[in-house]
Amino acid sequence: MLGSLALASPWMLAALALLPAIWLLLRLVPPRPQRVDFPPLRLLYGLLPRGRVAARSPWWLTALRLILAALVIAMLAVPTLRPFSQAGPTRTAPLLFLVDNGWGSAATWAKRQEVIQAALAAAEQDRRPVAMAALAEPLTDLSLSPAASLGPRLTALAPQPWKANRGAYAPAIASFLRAAPEAEILWFSDGLAGDGDNGFLAALSEAGKQGRVTVYRDDGRSSLALAGAANAPSGISVRVLRTGKLDRVLSGTVRALDLKNLPVGQADFSFPAGAGETTAQLDLPLDIRNDVARLEIVGDASAGAVQLLDRTWRRRMVGIVSGQDKDVSQPLLSANYYLTRALEPYADVRTAEGTSPAEAIGRFLDDKLPVLMLADVGNLGDAEAKLSTWIENGGVLVRFAGSRLAAAENTLLPVKLRQGGRTLGGTLSWEKPQKLGSFDANSPFAGLALPDDVSVKRQLLAEPDIDLPGRTWAALADGTPLVTAEKRGNGVIVLFHVTADTTWSNLVLSGTFVEMLRKVVGLAKSAPVAGAAAAQVSAAAPVYAAPSRTLDGQGAFQVPPATAQPVRADQPGIGRPDHPPGFYGPPDGLVAVNALAANAVLKPLDYTTVNASLADYTVAKPIALGPVLLLVALALLLADALIVFSMAGGWTRLARPGVGSAALVVLALSLTLLASPDAQAQSRPFDAALKTRLAYVVTGDKETDDTSLAGLKGLTAYIAERTALEPGPPDGIDPAKDELAFYPLIYWPIVPGKEPPPPAVMARIDAFMKSGGTIIFDTRDAVQQDAGGAATPAGETLKRLLSGLDIPELEPIPAKHVLTKTFYLLDKFVGRYDNGETWVQATAPTSEDSDKPVLGGDGVSPLIITSNDLAAAWAVDAQMNPLFPVSTGLERQRELAYRAGVNMVMYALTGNYKADQVHVQDLLERLGR
């Protein structure tokens, strides 16, 4: 080890001791001529000699050959120039690696891990002991060990879906530095401030003053996150947060997905210069909004950039029916007005106007509203039976007291009421108005603040009963119930023992009333919460939801880890090691836990108190000096050969007639073969003609072309394994230069914004399609297509491309199309995504095809258009492992994608042979045996 120069085989330098022997050997070659006296030689005096041969090698030629030998020995030692340099002057002191592996590091984790591995490799070459702490994981012992032993741990290290808990490591770091005061610290930071940072920075401050702390940070990138999604009347809004360089404009896209991970909409956002927060607004219909289960920032793979939404977040439809007469004469004092104003922030309200309560209830039930609120409705009439069935099936009925309810008799009440009610205060009453006393700890109202200014002047009293305490959610100061509830079937009946206006109390004027209604509406269409409500009515324990599927650090769903614990259904909190972000509870009542709280703010980390050296997450690749030494050695060897050739009179022999010309011809032919780019590629058309191969169009976009090549390699291997066809390796082709006729099927990925080929090339493509060839055009944008059907950038590019071709009428693949039966029986053609449509040439069915399992028709569709990103689903690495995840996360989807590819290849090779019904009868008879 010589500074930044490393030798993989330093022992080879021992061969330098042979240089004196090589020098002696070179001095002896050529051998010294032997002198013999011969008298007749006197006759030759005066004749000019033709050439001279040196008796000894010149000193400069000997030196050149010694340098050549030294270069070969140095090359065998495999020298490498290491640009990576560590902090600190000694390069022998112990190292402490502090790794922020919270969600803030997930988006650029591969780059961070590369830097950490480079630092670990440098420590291993310097033989420095290393300790490592992953700051988002539970506290571990900080003990020094050889750098090589940390390699497997670093490889297995992954970002976690919560913030790094640096404060927990502060005491352990202080103890480590006391035991190893000369240790150097490399902190691989994510740049996000967190709780407990003050203690952590204090533990590093002393080492920072001595110049032994280096902080790696990604100064050129902003960390993005989502928080505080709201289902407002105008649409879905979500806070988008960032930290980093706030002086530049930053824009992006938030995408909404449902529980099946299918996109249902998206919206753009933009940060003005200097802003650390903005809002993304998704304008979607209510029914689609209520299906949204996940919001994510496109292109930012981290748990912080994901916002999960459960059923309690959904915006409910609430129907309000009032039995009061003054709704028209005094609309601003009516129950409808107070209920509507209280519900509007989180629910869509429908009121009944100009109709009887029974008729309004029936209309709302026909529209399948999940929540009904009846304000002083006494006699339900014919609607009572229908309303009871609706509650049994999961509806939430909220009733408010009043003179009509007090005088009526019906069964849709949670408790039995006393006749007449109770008057508090006034000239004819000895009792004073009552204050709000308490919320039951096991009710949905638990945790709400008790207002001091709420007073009740009149209420409906419940008959004393053994079950009354368990059905009371809110009580007045004297213990009488204010709100009671009862579970019936899958639904709940809730009764407010006061009116929904100000005649009996001023409860409706308080903010607590809004929160109470919000909790009640949250019970609708949520089995666990409804179950929780039932438990809260009758039990004394909170309800917990077990983990269903959780997020990893990069925001992808995974099986819950063994450390995940159930969360309270009513207080899920934010993600942490024992409650990782994700969905909890059964599928019909999921509870969402997110990485950030609704009011979270991203703050940048301040490193100034540590006085550390700052570095970026960049790794300069080590430079291998062996090839350079080899080139220098070859140059010296060539120079030596030319010198010896010249000293031996070679140039004189080249001057003979014909010899020089022949040498020049050979040299010119060699250079021509080496310089010609077609010399290497001219064999490819012949190989394609001799063996069936798949092909893809080279687009010029490296990522797209690499995916296409890996995808066709995977499909080729699958075809060779599952069928009798053994295709050759796939080829990347340029339609402008390569012959297309050798390939039965060509895969063409569409790159958005790329201009179509010139007309001459389009004519060649058109001729290929008309000659029986098939092209798969893949826009790969199924995830970007929304319900409105707006054209995507890739779709627009495909339209421009196809405008230069004579294409037939297209249709989605019919159920009886040959493509669905060429090898596998398929009803859908999926790829990396499973929600895109696949189009082929339209086939007009005839009356004869009605009884056939396959449509008739001649020829093969010249083009297949899809948006499901087939190549990404087929793509494999050198070990045949998949390179890209599929949208559902299930390998069954990838298997179906391979089967779709097999069907397409067989279709291109065999055409409509499946439509031939000649042998159907014989096959059926054989199967019957």
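Counting from 1, the numbers follow the sequence of the chain as shown.
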For this session: Compute the ring centroids of Tyr617 and Trp109, then answer whether they are less than 6.0 Å apart.
Result: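 So the answer is no for these two rings.
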
Problem set entry | Aromatic ring proximity Phe97/Phe188, centre distance under 6.0 Å |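 Yes, they do, as the ring centres are separated by less than 6.0 Å.
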
Enter the distance from [X]:[atom1] to [Y]:[atom2] here, rounded to the nearest 0.5 Å.
X      : Y      : atom1 : atom2 : result
Leu241 : Leu596 : CG    : CG    : 7.0 Å
Ile185 : Gln210 : CD1   : CD    : 10.0 Å
Tyr833 : Asp869 : OH    : CG    : 5.5 Å
Leu154 : Gln117 : CG    : CD    : 5.0 Å
Leu282 : Arg255 : CG    : CZ    : 11.5 Å
Arg549 : Leu308 : CZ    : CG    : 9.0 Å

Indicate the atoms forming the closest heavy-atom contact of [X] with [Y], along with that distance.
X      : Y      : answer
Pro263 : Ala782 : CG-O, 4.1 Å
Pro181 : Arg178 : CD-O, 3.8 Å
Leu602 : Ala225 : CD1-CB, 3.9 Å
Ala273 : Val249 : N-CG2, 4.1 Å
Val591 : Pro572 : CG1-CB, 3.8 Å

Electrostatic pair [X]-[Y], nearest N-O below 4.0 angstrom:
X      : Y      : answer
Arg294 : Asp258 : no
Glu184 : Arg128 : yes
Asp100 : Arg166 : yes
Glu891 : Arg894 : yes
Asp197 : Lys603 : no

Whether the side chain of [X] engages the backbone of [Y] through a donor-acceptor N/O pair (distance < 3.5 Å, no angle test) should be reported.
X      : Y      : result
Arg112 : Asn101 : no
Thr707 : Glu703 : yes
Gln307 : Asn594 : no
His579 : Ala564 : no
Trp103 : Ala595 : no

Exercise. So, Gln554 versus Ser302: side-chain donor-acceptor pair below 3.5 Å or not?
Worked result: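 No, no side-chain donor-acceptor contact under 3.5 Å.
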
Problem set entry | Polar side chain donor-acceptor pair, Thr550 to Tyr584, under 3.5 angstrom |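 No, no side-chain donor-acceptor pair sits under 3.5 Å.
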
May I ask you to check whether over 12 heavy atoms, not counting those of [X], lie within 6.0 Å of atom [atom1]?
X      : atom1 : result
Arg248 : CZ    : yes
Asn198 : CG    : no
Asp877 : CG    : yes

For this session: Check step by step if side-chain contact (heavy atoms from CB on, under 4.5 Å) holds for Leu262 and Asp834.
Result: CA-CA 9 Å; Leu262 298 177; Asp834 64 346; 3.4 Å; yes

Problem set entry | Residues Val99, Ile116; criterion side-chain contact (heavy atoms from CB on, under 4.5 Å); working and verdict | CA-CA 9 Å; Val99 182; Ile116 301 172; 3.9 Å; yes

Is any side-chain heavy atom of [X] less than 4.5 Å from a side-chain heavy atom of [Y]?
X      : Y      : result
Ser548 : Pro587 : no
Glu296 : Leu257 : yes
Pro577 : Trp162 : yes
Val130 : Leu144 : no

Exercise. Can Asp616 and Tyr216 be said to form a side-chain contact (heavy atoms from CB on, under 4.5 Å), step by step?
Worked result: CA-CA 5 Å; Asp616 293 326; Tyr216 287 86; over 6 Å; no

For this session: For residues 268-279, pull every pair meeting side chain to side chain donor-acceptor pair (under 3.5 Å), keeping only residues two or more places apart or in separate chains.
Result: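 Matches after skipping sequence neighbours: Arg239-Glu277, Thr253-Asp268.
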
For this session: Only one of Asp190, Leu605, Leu614 passes side-chain contact (heavy atoms from CB on, under 4.5 Å) with Arg217; say which it is.
Result: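 So the option named by the test is Leu614.
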
For this session: Please assess Val240 against Ile297 for the test side-chain contact (heavy atoms from CB on, under 4.5 Å), listing each intermediate value before the final yes or no.
Result: CA-CA 9 Å; Val240 187; Ile297 299 176; 4.2 Å; yes

For this session: For the pair Lys111 and Asp218, evaluate salt bridge (Lys or Arg N to Asp or Glu O under 4.0 Å) and give the outcome as yes or no after the intermediate values.
Result: CA-CA 10 Å; Lys111 180 173 67 174; Asp218 198 348; 3.2 Å; yes

Exercise. Taking it one step at a time, do Phe200 and Trp187 satisfy ring pair (Phe, Tyr, Trp, His ring centres under 6.0 Å)?
Worked result: CA-CA 11 Å; Phe200 177 81; Trp187 177 13; 4.9 Å; yes

Problem set entry | Ser223: partners by side chain to side chain contact (heavy atoms under 4.5 Å, CB included), with sequence neighbours left out |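 Applying side chain to side chain contact (heavy atoms under 4.5 Å, CB included) to Ser223 gives Leu192, Arg221, Thr243.
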
